[in-house]
Undergrad: 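Please find one structure pasted underneath; my questions will follow.
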Amino acid sequence: MKKKKSKNYKIGATITGVLLFFILVGLFWTPYDPDAMDNASKLAGVSFSHIMGCDNFGRDIFSRVLEGSKITLFVAVGTVAIGTLCGIVVGAFTGYYGGIVDELFMRINDALFAFPSILLGLVFISLLGSGKYNVIVALGVAFIPSFARIVRSEFIRCKNMDYVKSAKLAGAGDLRIMFVHILPNVMTVLSSSIMIGFNNAVLAEAGMSYLGIGVQPPDASLGRMLSEAQTYLFSAPGFALFPGIVLILMVLGFSLLAEGIKEGAGYA
Amino acid sequence: MGKNGDLAGEGQLLTVKDVRIRFTQERHSLFEKKRKKEVLKGVSFSMREGEVLGLVGESGCGKSTLAKVILGLEKAESGEVIHRSQHPQMVFQDPYGSLNPAKRIGWILEEPLRIRGGYTAQERRARALAMLGRVGLEEKIAERYPSQLSGGQRQRVCIGAALMLEPKLLIADEAVSALDVTIQAQVLSLLLSLKEEMGLAILFISHDMRVVYQMCDRVLIMKDGQFVESGDVDTVYFSPRHPYTKELLVAAGIREETEK
(Lines give C-alpha, C1' and ligand atoms only; values in the text may rest on other atoms or scores of the structure.)
Protein backbone atom coordinates (compact mmCIF):
# COMPACT_ATOMS: atom_id res chain seq x y z
CA MET A 1 0.00 0.00 0.00
CA LYS A 2 1.15 3.47 -0.74
CA LYS A 3 1.19 5.26 2.55
CA LYS A 4 3.58 7.90 3.77
CA LYS A 5 5.52 6.56 6.69
CA SER A 6 5.41 8.88 9.65
CA LYS A 7 8.38 10.72 11.14
CA ASN A 8 8.22 8.52 14.23
CA TYR A 9 8.50 5.46 12.06
CA LYS A 10 11.52 6.78 10.16
CA ILE A 11 13.45 7.89 13.22
CA GLY A 12 12.57 4.72 15.12
CA ALA A 13 13.59 2.55 12.19
CA THR A 14 16.89 4.45 11.85
CA ILE A 15 17.82 4.10 15.52
CA THR A 16 16.85 0.44 15.63
CA GLY A 17 18.60 -0.19 12.32
CA VAL A 18 21.90 1.34 13.48
CA LEU A 19 21.79 -0.62 16.74
CA LEU A 20 20.97 -3.84 14.91
CA PHE A 21 23.88 -3.18 12.56
CA PHE A 22 26.32 -2.83 15.45
CA ILE A 23 24.91 -5.90 17.17
CA LEU A 24 25.23 -7.85 13.94
CA VAL A 25 28.84 -6.75 13.58
CA GLY A 26 29.38 -7.66 17.23
CA LEU A 27 28.29 -11.20 16.47
CA PHE A 28 31.37 -11.74 14.33
CA TRP A 29 33.88 -9.21 15.45
CA THR A 30 34.56 -7.16 18.55
CA PRO A 31 37.64 -4.96 18.94
CA TYR A 32 38.72 -6.98 21.99
CA ASP A 33 37.59 -10.22 23.54
CA PRO A 34 34.73 -8.99 25.76
CA ASP A 35 35.93 -11.25 28.59
CA ALA A 36 39.67 -10.60 28.30
CA MET A 37 41.00 -8.81 31.38
CA ASP A 38 43.87 -6.41 31.28
CA ASN A 39 45.24 -5.19 34.61
CA ALA A 40 47.13 -2.32 33.05
CA SER A 41 44.01 -0.61 31.73
CA LYS A 42 41.70 -0.99 34.71
CA LEU A 43 39.00 1.69 34.63
CA ALA A 44 40.82 3.38 31.78
CA GLY A 45 39.06 6.40 30.34
CA VAL A 46 37.99 6.99 26.76
CA SER A 47 40.92 6.68 24.39
CA PHE A 48 41.70 5.65 20.83
CA SER A 49 42.52 2.09 21.84
CA HIS A 50 39.41 1.74 24.04
CA ILE A 51 36.74 4.04 22.58
CA MET A 52 34.43 3.60 25.55
CA GLY A 53 37.11 2.96 28.12
CA CYS A 54 37.60 -0.11 30.31
CA ASP A 55 35.83 -1.56 33.33
CA ASN A 56 37.09 -2.56 36.75
CA PHE A 57 38.72 -5.72 35.35
CA GLY A 58 40.24 -3.88 32.43
CA ARG A 59 37.78 -5.32 29.90
CA ASP A 60 37.00 -3.19 26.85
CA ILE A 61 33.59 -1.57 27.44
CA PHE A 62 32.76 -1.15 23.74
CA SER A 63 33.22 -4.88 23.17
CA ARG A 64 31.16 -5.64 26.23
CA VAL A 65 28.39 -3.28 25.17
CA LEU A 66 28.23 -5.06 21.81
CA GLU A 67 28.17 -8.42 23.56
CA GLY A 68 25.71 -7.20 26.19
CA SER A 69 23.21 -5.66 23.79
CA LYS A 70 23.34 -8.89 21.80
CA ILE A 71 22.31 -10.88 24.84
CA THR A 72 19.75 -8.29 25.92
CA LEU A 73 18.20 -8.34 22.46
CA PHE A 74 18.27 -12.13 22.36
CA VAL A 75 16.41 -12.27 25.67
CA ALA A 76 13.91 -9.66 24.45
CA VAL A 77 13.23 -11.51 21.19
CA GLY A 78 12.81 -14.82 22.98
CA THR A 79 10.51 -13.31 25.57
CA VAL A 80 8.31 -11.57 23.04
CA ALA A 81 8.22 -14.67 20.83
CA ILE A 82 6.95 -16.84 23.69
CA GLY A 83 4.51 -14.16 24.86
CA THR A 84 3.14 -13.47 21.38
CA LEU A 85 2.77 -17.06 20.22
CA CYS A 86 1.06 -18.27 23.39
CA GLY A 87 -0.91 -15.02 23.60
CA ILE A 88 -2.22 -15.46 20.04
CA VAL A 89 -3.31 -19.03 20.68
CA VAL A 90 -4.99 -18.28 24.01
CA GLY A 91 -6.54 -15.04 22.77
CA ALA A 92 -7.79 -16.55 19.51
CA PHE A 93 -9.55 -19.48 21.12
CA THR A 94 -11.06 -17.58 24.03
CA GLY A 95 -12.12 -14.65 21.85
CA TYR A 96 -13.57 -16.75 19.06
CA TYR A 97 -15.46 -19.32 21.10
CA GLY A 98 -16.32 -17.28 24.18
CA GLY A 99 -18.36 -19.06 26.81
CA ILE A 100 -17.15 -20.67 29.99
CA VAL A 101 -13.59 -21.45 28.89
CA ASP A 102 -13.22 -17.80 27.96
CA GLU A 103 -14.45 -16.70 31.39
CA LEU A 104 -12.06 -19.10 33.09
CA PHE A 105 -9.00 -18.05 31.09
CA MET A 106 -9.74 -14.40 31.43
CA ARG A 107 -10.08 -14.60 35.21
CA ILE A 108 -6.71 -16.38 35.38
CA ASN A 109 -5.42 -13.71 33.05
CA ASP A 110 -6.76 -10.97 35.31
CA ALA A 111 -5.06 -12.54 38.28
CA LEU A 112 -1.72 -12.70 36.43
CA PHE A 113 -2.24 -9.23 35.05
CA ALA A 114 -2.60 -7.83 38.54
CA PHE A 115 1.11 -8.46 39.16
CA PRO A 116 3.69 -6.38 37.33
CA SER A 117 5.38 -8.66 34.79
CA ILE A 118 8.81 -8.11 36.33
CA LEU A 119 7.48 -9.33 39.69
CA LEU A 120 6.02 -12.40 38.02
CA GLY A 121 9.40 -12.87 36.36
CA LEU A 122 11.04 -12.78 39.78
CA VAL A 123 8.72 -15.49 41.04
CA PHE A 124 9.48 -17.73 38.08
CA ILE A 125 13.21 -17.09 38.42
CA SER A 126 13.14 -18.10 42.06
CA LEU A 127 11.47 -21.32 40.99
CA LEU A 128 13.61 -22.02 37.92
CA GLY A 129 16.94 -20.52 38.94
CA SER A 130 18.75 -17.75 37.06
CA GLY A 131 20.52 -17.75 33.68
CA LYS A 132 19.53 -16.27 30.36
CA TYR A 133 17.28 -19.12 29.16
CA ASN A 134 15.36 -19.12 32.41
CA VAL A 135 14.97 -15.37 32.15
CA ILE A 136 13.45 -15.83 28.69
CA VAL A 137 10.97 -18.43 29.91
CA ALA A 138 10.10 -16.46 33.03
CA LEU A 139 9.54 -13.16 31.25
CA GLY A 140 7.84 -14.86 28.29
CA VAL A 141 5.25 -16.51 30.53
CA ALA A 142 4.78 -13.25 32.39
CA PHE A 143 4.10 -11.51 29.05
CA ILE A 144 1.39 -13.92 27.84
CA PRO A 145 -1.59 -12.26 29.58
CA SER A 146 -1.13 -8.85 28.00
CA PHE A 147 -0.85 -10.28 24.48
CA ALA A 148 -3.73 -12.71 25.04
CA ARG A 149 -5.92 -9.85 26.11
CA ILE A 150 -5.19 -7.76 23.03
CA VAL A 151 -5.70 -10.68 20.65
CA ARG A 152 -8.91 -11.72 22.41
CA SER A 153 -10.53 -8.32 22.17
CA GLU A 154 -9.62 -8.04 18.50
CA PHE A 155 -11.07 -11.50 17.82
CA ILE A 156 -14.29 -10.53 19.56
CA ARG A 157 -14.47 -7.43 17.37
CA CYS A 158 -13.85 -9.39 14.17
CA LYS A 159 -15.78 -12.58 14.71
CA ASN A 160 -19.18 -11.06 13.94
CA MET A 161 -18.05 -9.26 10.80
CA ASP A 162 -19.79 -10.21 7.59
CA TYR A 163 -16.58 -11.49 5.98
CA VAL A 164 -16.38 -14.15 8.68
CA LYS A 165 -19.96 -15.18 7.88
CA SER A 166 -19.09 -15.35 4.19
CA ALA A 167 -16.15 -17.59 4.99
CA LYS A 168 -18.45 -19.84 7.05
CA LEU A 169 -20.89 -20.04 4.16
CA ALA A 170 -18.08 -21.00 1.82
CA GLY A 171 -17.43 -23.90 4.20
CA ALA A 172 -14.30 -22.73 6.04
CA GLY A 173 -13.54 -24.51 9.32
CA ASP A 174 -13.10 -22.69 12.62
CA LEU A 175 -9.31 -22.96 12.58
CA ARG A 176 -9.12 -21.58 9.07
CA ILE A 177 -11.41 -18.70 9.98
CA MET A 178 -9.39 -17.92 13.08
CA PHE A 179 -5.88 -18.06 11.69
CA VAL A 180 -6.32 -17.29 7.99
CA HIS A 181 -9.23 -14.86 7.98
CA ILE A 182 -9.17 -13.07 11.31
CA LEU A 183 -5.52 -13.17 12.41
CA PRO A 184 -4.17 -10.94 9.59
CA ASN A 185 -6.64 -8.26 10.69
CA VAL A 186 -5.30 -8.48 14.21
CA MET A 187 -1.68 -8.10 13.08
CA THR A 188 -1.64 -4.30 12.76
CA VAL A 189 -2.77 -3.82 16.33
CA LEU A 190 -0.60 -6.67 17.49
CA SER A 191 2.59 -5.49 15.78
CA SER A 192 2.63 -2.21 17.65
CA SER A 193 2.12 -4.01 20.94
CA ILE A 194 4.91 -6.41 19.98
CA MET A 195 7.20 -3.39 19.74
CA ILE A 196 6.04 -2.15 23.12
CA GLY A 197 6.55 -5.68 24.38
CA PHE A 198 10.18 -5.53 23.17
CA ASN A 199 10.64 -2.40 25.20
CA ASN A 200 9.23 -3.93 28.31
CA ALA A 201 11.31 -7.04 27.77
CA VAL A 202 14.53 -5.05 27.35
CA LEU A 203 13.78 -3.05 30.48
CA ALA A 204 12.68 -6.11 32.46
CA GLU A 205 15.81 -8.04 31.49
CA ALA A 206 18.01 -5.07 32.38
CA GLY A 207 16.17 -4.69 35.66
CA MET A 208 16.51 -8.35 36.57
CA SER A 209 20.17 -8.48 35.61
CA TYR A 210 20.74 -5.30 37.59
CA LEU A 211 19.24 -7.02 40.61
CA GLY A 212 21.66 -9.87 39.95
CA ILE A 213 19.03 -12.54 39.22
CA GLY A 214 19.04 -12.34 35.44
CA VAL A 215 21.92 -13.04 33.12
CA GLN A 216 24.84 -14.46 35.09
CA PRO A 217 28.55 -13.57 34.76
CA PRO A 218 30.62 -13.91 32.69
CA ASP A 219 27.80 -13.24 30.20
CA ALA A 220 27.50 -9.53 29.66
CA SER A 221 24.15 -7.81 29.52
CA LEU A 222 23.37 -4.13 29.61
CA GLY A 223 21.66 -4.44 32.97
CA ARG A 224 24.55 -6.38 34.49
CA MET A 225 27.03 -3.81 33.29
CA LEU A 226 25.01 -1.05 34.92
CA SER A 227 24.91 -2.95 38.17
CA GLU A 228 28.69 -3.60 38.04
CA ALA A 229 29.30 0.03 37.19
CA GLN A 230 27.44 1.63 40.06
CA THR A 231 30.38 1.30 42.46
CA TYR A 232 32.57 3.24 40.04
CA LEU A 233 29.98 5.85 39.08
CA PHE A 234 32.23 8.79 40.03
CA SER A 235 35.67 7.36 39.30
CA ALA A 236 34.71 5.97 35.87
CA PRO A 237 31.42 7.51 34.70
CA GLY A 238 31.83 6.04 31.21
CA PHE A 239 31.44 2.55 32.59
CA ALA A 240 27.76 3.23 33.44
CA LEU A 241 27.14 5.90 30.82
CA PHE A 242 27.72 3.88 27.64
CA PRO A 243 25.61 0.80 28.46
CA GLY A 244 22.95 3.21 29.73
CA ILE A 245 22.93 5.20 26.49
CA VAL A 246 22.65 2.04 24.40
CA LEU A 247 19.78 0.84 26.59
CA ILE A 248 17.97 4.16 26.19
CA LEU A 249 18.51 4.16 22.41
CA MET A 250 17.19 0.61 22.15
CA VAL A 251 14.02 1.44 24.07
CA LEU A 252 13.57 4.74 22.25
CA GLY A 253 13.96 3.08 18.85
CA PHE A 254 11.34 0.44 19.63
CA SER A 255 8.83 2.90 21.08
CA LEU A 256 9.14 5.24 18.12
CA LEU A 257 8.64 2.25 15.81
CA ALA A 258 5.56 1.24 17.80
CA GLU A 259 4.18 4.78 17.53
CA GLY A 260 4.90 4.81 13.81
CA ILE A 261 3.18 1.48 13.20
CA LYS A 262 0.16 2.65 15.16
CA GLU A 263 -0.07 5.86 13.11
CA GLY A 264 0.26 4.00 9.83
CA ALA A 265 -2.27 1.35 10.84
CA GLY A 266 -5.84 0.95 9.60
CA TYR A 267 -6.59 -0.45 6.18
CA ALA A 268 -9.96 1.24 5.77
CA MET B 1 -52.71 -19.70 -1.64
CA GLY B 2 -52.50 -19.78 2.13
CA LYS B 3 -51.61 -17.14 4.61
CA ASN B 4 -48.11 -18.50 4.77
CA GLY B 5 -47.24 -18.36 1.12
CA ASP B 6 -47.12 -21.20 -1.31
CA LEU B 7 -46.49 -24.46 0.40
CA ALA B 8 -45.55 -26.63 -2.49
CA GLY B 9 -44.02 -30.05 -2.14
CA GLU B 10 -41.27 -31.71 -4.12
CA GLY B 11 -39.45 -30.32 -7.11
CA GLN B 12 -38.73 -27.09 -5.30
CA LEU B 13 -35.30 -25.59 -4.88
CA LEU B 14 -35.98 -24.57 -1.31
CA THR B 15 -38.81 -25.46 1.01
CA VAL B 16 -39.20 -23.84 4.40
CA LYS B 17 -41.81 -25.47 6.62
CA ASP B 18 -43.27 -23.88 9.72
CA VAL B 19 -40.01 -22.43 11.01
CA ARG B 20 -40.15 -20.97 14.50
CA ILE B 21 -37.38 -19.29 16.43
CA ARG B 22 -37.23 -17.45 19.73
CA PHE B 23 -34.47 -15.32 21.13
CA THR B 24 -33.86 -14.98 24.83
CA GLN B 25 -33.91 -11.37 25.85
CA GLU B 26 -31.21 -9.96 28.08
CA ARG B 27 -32.27 -9.61 31.67
CA HIS B 28 -32.02 -6.11 33.04
CA SER B 29 -31.97 -7.18 36.65
CA LEU B 30 -31.15 -10.39 38.43
CA PHE B 31 -34.74 -11.01 39.49
CA GLU B 32 -36.38 -10.29 36.20
CA LYS B 33 -37.80 -13.34 34.51
CA LYS B 34 -36.01 -14.60 31.43
CA ARG B 35 -38.24 -13.57 28.58
CA LYS B 36 -38.22 -15.04 25.14
CA LYS B 37 -39.17 -13.04 22.13
CA GLU B 38 -40.65 -14.89 19.23
CA VAL B 39 -38.90 -13.72 16.08
CA LEU B 40 -40.30 -16.17 13.56
CA LYS B 41 -43.79 -17.46 14.27
CA GLY B 42 -44.06 -20.42 11.97
CA VAL B 43 -43.18 -19.32 8.46
CA SER B 44 -43.49 -21.53 5.41
CA PHE B 45 -42.71 -20.88 1.78
CA SER B 46 -40.95 -22.42 -1.13
CA MET B 47 -38.85 -21.29 -4.06
CA ARG B 48 -38.57 -22.61 -7.57
CA GLU B 49 -35.35 -22.81 -9.52
CA GLY B 50 -34.40 -19.59 -11.26
CA GLU B 51 -37.00 -17.58 -9.42
CA VAL B 52 -36.53 -14.16 -7.89
CA LEU B 53 -38.53 -14.00 -4.69
CA GLY B 54 -38.90 -10.73 -2.82
CA LEU B 55 -39.12 -10.59 0.95
CA VAL B 56 -40.41 -7.29 2.24
CA GLY B 57 -41.02 -6.05 5.74
CA GLU B 58 -40.04 -3.41 8.24
CA SER B 59 -36.79 -3.57 10.21
CA GLY B 60 -36.84 -6.12 13.00
CA CYS B 61 -39.64 -8.20 11.53
CA GLY B 62 -37.41 -11.24 11.16
CA LYS B 63 -36.26 -11.00 7.54
CA SER B 64 -32.57 -11.37 8.26
CA THR B 65 -33.20 -14.06 10.85
CA LEU B 66 -35.08 -16.05 8.24
CA ALA B 67 -32.12 -15.67 5.88
CA LYS B 68 -29.74 -16.92 8.57
CA VAL B 69 -31.97 -19.92 9.25
CA ILE B 70 -32.00 -20.81 5.56
CA LEU B 71 -28.21 -20.55 5.43
CA GLY B 72 -27.78 -22.57 8.60
CA LEU B 73 -26.10 -19.74 10.49
CA GLU B 74 -28.96 -19.77 12.97
CA LYS B 75 -30.78 -22.82 14.26
CA ALA B 76 -34.56 -22.97 14.15
CA GLU B 77 -36.40 -24.28 17.21
CA SER B 78 -38.92 -26.15 15.16
CA GLY B 79 -39.80 -26.61 11.54
CA GLU B 80 -37.52 -27.59 8.72
CA VAL B 81 -35.58 -26.17 5.83
CA ILE B 82 -35.15 -28.44 2.83
CA HIS B 83 -32.53 -27.51 0.24
CA ARG B 84 -31.85 -28.93 -3.09
CA SER B 85 -29.09 -26.43 -3.65
CA GLN B 86 -25.71 -27.39 -2.25
CA HIS B 87 -24.20 -24.13 -1.15
CA PRO B 88 -26.67 -21.31 -0.76
CA GLN B 89 -24.66 -18.10 -0.61
CA MET B 90 -25.37 -14.64 0.67
CA VAL B 91 -24.61 -11.06 -0.29
CA PHE B 92 -24.62 -8.83 2.77
CA GLN B 93 -25.91 -5.32 3.17
CA ASP B 94 -22.74 -3.57 4.21
CA PRO B 95 -20.14 -3.77 1.44
CA TYR B 96 -17.54 -2.44 3.88
CA GLY B 97 -17.76 -5.27 6.39
CA SER B 98 -18.23 -8.20 4.06
CA LEU B 99 -14.79 -8.20 2.42
CA ASN B 100 -11.79 -9.11 4.53
CA PRO B 101 -9.79 -5.85 4.77
CA ALA B 102 -6.45 -7.66 5.08
CA LYS B 103 -6.75 -9.65 1.85
CA ARG B 104 -6.51 -8.79 -1.81
CA ILE B 105 -9.62 -9.11 -3.99
CA GLY B 106 -8.09 -11.98 -5.95
CA TRP B 107 -7.44 -13.89 -2.73
CA ILE B 108 -11.02 -13.29 -1.55
CA LEU B 109 -12.45 -14.61 -4.81
CA GLU B 110 -10.19 -17.67 -4.76
CA GLU B 111 -10.91 -18.54 -1.14
CA PRO B 112 -14.15 -20.54 -1.68
CA LEU B 113 -12.32 -22.70 -4.22
CA ARG B 114 -9.37 -23.09 -1.88
CA ILE B 115 -11.71 -24.28 0.88
CA ARG B 116 -13.49 -26.73 -1.37
CA GLY B 117 -10.15 -28.01 -2.66
CA GLY B 118 -9.26 -29.85 -5.83
CA TYR B 119 -8.12 -26.86 -7.86
CA THR B 120 -4.59 -25.92 -8.82
CA ALA B 121 -3.39 -22.38 -8.16
CA GLN B 122 -3.63 -21.53 -11.87
CA GLU B 123 -7.18 -22.84 -12.13
CA ARG B 124 -8.22 -20.82 -9.12
CA ARG B 125 -6.64 -17.66 -10.47
CA ALA B 126 -8.22 -18.16 -13.88
CA ARG B 127 -11.68 -18.66 -12.39
CA ALA B 128 -11.30 -15.63 -10.13
CA LEU B 129 -10.31 -13.45 -13.07
CA ALA B 130 -13.18 -14.82 -15.13
CA MET B 131 -15.57 -14.01 -12.30
CA LEU B 132 -14.25 -10.45 -12.13
CA GLY B 133 -15.12 -10.10 -15.79
CA ARG B 134 -18.59 -11.52 -15.21
CA VAL B 135 -19.43 -9.01 -12.50
CA GLY B 136 -18.15 -6.21 -14.70
CA LEU B 137 -14.82 -5.42 -13.07
CA GLU B 138 -11.35 -5.13 -14.57
CA GLU B 139 -8.80 -7.87 -13.96
CA LYS B 140 -6.31 -5.53 -12.32
CA ILE B 141 -8.72 -5.17 -9.39
CA ALA B 142 -7.60 -8.62 -8.25
CA GLU B 143 -4.40 -7.03 -6.89
CA ARG B 144 -6.21 -4.37 -4.88
CA TYR B 145 -7.34 -4.33 -1.26
CA PRO B 146 -11.03 -3.77 -0.42
CA SER B 147 -10.25 -0.33 1.02
CA GLN B 148 -9.15 0.81 -2.44
CA LEU B 149 -12.54 0.08 -4.02
CA SER B 150 -15.77 2.06 -4.11
CA GLY B 151 -18.99 0.79 -2.54
CA GLY B 152 -20.41 -0.36 -5.87
CA GLN B 153 -17.20 -2.17 -6.80
CA ARG B 154 -17.11 -3.88 -3.43
CA GLN B 155 -20.67 -5.07 -3.78
CA ARG B 156 -19.80 -6.49 -7.22
CA VAL B 157 -16.87 -8.32 -5.65
CA CYS B 158 -19.19 -9.66 -2.93
CA ILE B 159 -21.57 -10.98 -5.57
CA GLY B 160 -18.66 -12.51 -7.44
CA ALA B 161 -17.29 -14.20 -4.31
CA ALA B 162 -20.74 -15.59 -3.51
CA LEU B 163 -21.02 -17.04 -7.00
CA MET B 164 -17.58 -18.72 -7.09
CA LEU B 165 -19.04 -22.05 -5.97
CA GLU B 166 -21.83 -21.74 -8.51
CA PRO B 167 -24.71 -21.88 -6.06
CA LYS B 168 -28.29 -22.42 -7.15
CA LEU B 169 -29.60 -20.02 -4.54
CA LEU B 170 -28.36 -16.57 -3.65
CA ILE B 171 -29.74 -14.59 -0.75
CA ALA B 172 -29.37 -10.85 -1.13
CA ASP B 173 -30.02 -9.22 2.23
CA GLU B 174 -30.58 -5.52 1.55
CA ALA B 175 -27.73 -5.94 -0.92
CA VAL B 176 -28.16 -2.55 -2.55
CA SER B 177 -29.55 -0.45 0.32
CA ALA B 178 -26.15 0.97 1.20
CA LEU B 179 -25.41 2.14 -2.35
CA ASP B 180 -26.51 5.35 -4.03
CA VAL B 181 -29.30 5.20 -6.56
CA THR B 182 -27.37 5.03 -9.85
CA ILE B 183 -25.01 2.37 -8.52
CA GLN B 184 -28.02 0.53 -7.11
CA ALA B 185 -29.55 0.27 -10.58
CA GLN B 186 -26.28 -1.08 -12.04
CA VAL B 187 -25.90 -3.73 -9.35
CA LEU B 188 -29.54 -4.78 -9.71
CA SER B 189 -29.23 -5.24 -13.46
CA LEU B 190 -26.01 -7.20 -12.85
CA LEU B 191 -27.90 -9.52 -10.50
CA LEU B 192 -30.66 -10.03 -13.06
CA SER B 193 -28.24 -10.80 -15.90
CA LEU B 194 -26.28 -13.23 -13.71
CA LYS B 195 -29.56 -14.89 -12.81
CA GLU B 196 -30.30 -15.46 -16.51
CA GLU B 197 -26.76 -16.62 -17.21
CA MET B 198 -26.41 -19.07 -14.33
CA GLY B 199 -30.01 -20.10 -13.67
CA LEU B 200 -29.74 -18.60 -10.23
CA ALA B 201 -32.64 -18.29 -7.81
CA ILE B 202 -32.48 -15.13 -5.73
CA LEU B 203 -34.17 -14.46 -2.42
CA PHE B 204 -34.20 -10.69 -2.48
CA ILE B 205 -34.65 -9.19 0.96
CA SER B 206 -35.45 -5.52 0.97
CA HIS B 207 -37.57 -2.81 2.49
CA ASP B 208 -37.71 -0.87 -0.77
CA MET B 209 -41.04 -1.68 -2.47
CA ARG B 210 -40.00 -0.10 -5.75
CA VAL B 211 -36.81 -2.08 -6.11
CA VAL B 212 -38.64 -5.28 -5.24
CA TYR B 213 -41.17 -4.61 -7.99
CA GLN B 214 -38.40 -4.22 -10.56
CA MET B 215 -36.54 -7.31 -9.47
CA CYS B 216 -38.95 -9.99 -8.37
CA ASP B 217 -41.39 -12.51 -9.81
CA ARG B 218 -43.12 -13.18 -6.53
CA VAL B 219 -43.14 -11.34 -3.25
CA LEU B 220 -43.68 -12.21 0.41
CA ILE B 221 -44.81 -9.50 2.80
CA MET B 222 -43.65 -10.07 6.36
CA LYS B 223 -44.82 -8.47 9.59
CA ASP B 224 -43.84 -9.44 13.13
CA GLY B 225 -42.40 -12.80 12.18
CA GLN B 226 -45.25 -13.93 9.96
CA PHE B 227 -46.14 -13.61 6.32
CA VAL B 228 -49.24 -11.50 5.87
CA GLU B 229 -49.48 -11.70 2.12
CA SER B 230 -47.78 -13.41 -0.77
CA GLY B 231 -48.15 -13.89 -4.47
CA ASP B 232 -47.09 -12.54 -7.87
CA VAL B 233 -45.77 -9.01 -7.67
CA ASP B 234 -48.51 -7.69 -9.94
CA THR B 235 -51.28 -9.23 -7.88
CA VAL B 236 -49.81 -8.08 -4.58
CA TYR B 237 -48.97 -4.60 -5.79
CA PHE B 238 -52.17 -3.84 -7.66
CA SER B 239 -54.75 -5.66 -5.59
CA PRO B 240 -53.34 -5.96 -2.10
CA ARG B 241 -55.62 -7.60 0.42
CA HIS B 242 -53.90 -7.08 3.72
CA PRO B 243 -53.98 -3.59 5.29
CA TYR B 244 -50.24 -3.79 6.08
CA THR B 245 -49.42 -4.34 2.41
CA LYS B 246 -51.57 -1.34 1.52
CA GLU B 247 -49.78 0.68 4.15
CA LEU B 248 -46.37 -0.26 2.68
CA LEU B 249 -47.49 0.59 -0.85
CA VAL B 250 -48.85 3.95 0.27
CA ALA B 251 -45.66 4.72 2.18
CA ALA B 252 -43.61 3.92 -0.92
CA GLY B 253 -45.84 6.25 -2.97
CA ILE B 254 -46.96 3.45 -5.26
CA ARG B 255 -50.59 3.54 -4.13
CA GLU B 256 -52.91 6.44 -3.42
CA GLU B 257 -54.13 6.78 0.13
CA THR B 258 -57.74 7.59 -0.81
CA GLU B 259 -58.75 4.02 -1.57
CA LYS B 260 -60.47 2.24 1.22
Side-chain angles (χ1 to χ4, degrees), chain A residues 1-5 84 88 91-92 95-100 102-103 150-194 261-268, chain B residues 64 67-68 70-74 83 85-105 107-118 143-149 151 154-155 157-167 169-171 173-175 178:
Chain A
M1 259 191 278
K2 282 178 285 180
K3 200 159 222 176
K4 239 185 99 193
K5 301 286 187 194
T84 315
I88 284 176
Y96 187 76
Y97 289 111
I100 208 135
D102 176 39
E103 281 296 321
I150 292 162
V151 173
R152 173 177 172 271
S153 67
E154 283 296 297
F155 264 72
I156 288 176
R157 184 177 65 81
C158 291
K159 75 174 175 184
N160 288 323
M161 302 286 273
D162 284 340
Y163 66 81
V164 173
K165 287 183 199 149
S166 308
K168 266 185 207 160
L169 286 179
D174 285 350
L175 283 178
R176 185 169 182 89
I177 288 177
M178 279 193 275
F179 295 109
V180 179
H181 290 258
I182 299 182
L183 191 58
N185 290 294
V186 176
M187 267 347 230
T188 32
V189 177
L190 196 60
S191 56
S192 95
S193 41
I194 286 176
I261 289 173
K262 224 185 269 171
E263 281 167 17
Y267 294 95
Chain B
S64 297
K68 282 181 189 161
I70 295 170
L71 293 165
L73 292 176
E74 199 87 61
H83 287 284
S85 67
Q86 279 298 304
H87 294 278
Q89 293 292 323
M90 181 149 174
V91 178
F92 294 91
Q93 172 174 9
D94 176 17
Y96 292 85
S98 47
L99 295 175
N100 193 335
K103 303 290 186 183
R104 291 174 199 276
I105 301 302
W107 189 94
I108 292 172
L109 288 172
E110 285 177 39
E111 178 65 2
L113 300 179
R114 214 176 281 127
I115 291 168
R116 180 190 266 184
E143 298 309 318
R144 303 240 176 106
Y145 286 97
S147 61
Q148 297 165 303
L149 303 187
R154 284 174 201 223
Q155 206 57 306
V157 173
C158 290
I159 293 170
L163 296 181
M164 283 308 283
L165 292 176
E166 299 184 345
L169 173 64
L170 183 71
I171 298 181
D173 187 0
E174 303 275 11

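Letters A, B, ... mirror the listed sequences (proteins, then strands); counts begin at 1. Keep in mind the model is a prediction, meaning the values are calculated, not measured.
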Undergrad: Counting only heavy atoms closer than 4.5 Å, note whether B:Leu73 contacts chain A via side chain, backbone, both or neither.
TA: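 Only the side chain of B:Leu73 comes within 4.5 Å of chain A.
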Undergrad: Got a second to check how far A:Tyr96's OH is from A:Leu175's CG, nearest 0.5 Å?
TA: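 Going from OH on A:Tyr96 over to CG on A:Leu175, the span is 9.5 Å.
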Undergrad: To check you understand the geometry: which heavy-atom pair defines the closest contact between B:Leu109 and B:Ala161, and what is its length?
TA: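 What the structure gives for the nearest pair is CD2-N, 3.4 Å.
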Undergrad: Do the charged groups of A:Arg152 and A:Asp102 touch, with an N to O distance under 4.0 Å?
TA: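 Judged by the 4.0 Å cut-off on N to carboxylate O distance, A:Arg152 and A:Asp102 do form a salt bridge.
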Undergrad: Is it true that B:Glu111 and A:Arg176 have a side-chain N and a carboxylate O under 4.0 angstrom from each other?
TA: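 Salt bridge present between B:Glu111 and A:Arg176.
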Undergrad: Would you mind checking which part of A:Val164 comes under 4.5 Å of any heavy atom in chain B, side chain (CB onward), backbone (N, CA, C, O), both or neither?
TA: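 Looking at A:Val164, nothing touches chain B.
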Undergrad: Is a donor on one side and an acceptor on the other found under 3.5 Å between the side chain of A:Asp162 and the backbone of B:Phe92?
TA: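 No, because the side chain of A:Asp162 does not come within donor-acceptor range (under 3.5 Å) of the backbone of B:Phe92.
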Undergrad: I need the residue from B:Leu165, B:Leu99, B:Ile108 with the largest number of non-hydrogen atom pairs under 4.5 Å to chain A.
TA: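 Most heavy-atom pairs under 4.5 Å with chain A: B:Leu99.
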Undergrad: Would you mind checking which part of B:Arg114 comes under 4.5 Å of any heavy atom in chain A, side chain (CB onward), backbone (N, CA, C, O), both or neither?
TA: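 Side chain of B:Arg114 only, per the 4.5 Å heavy-atom cut-off to chain A.
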Undergrad: Heavy-atom pairs under 4.5 Å with chain A are the metric here; pick the option from B:Val91, B:Asn100, B:Leu113, B:Leu71 that has the most.
TA: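 Top count of heavy-atom pairs under 4.5 Å with chain A: B:Asn100.
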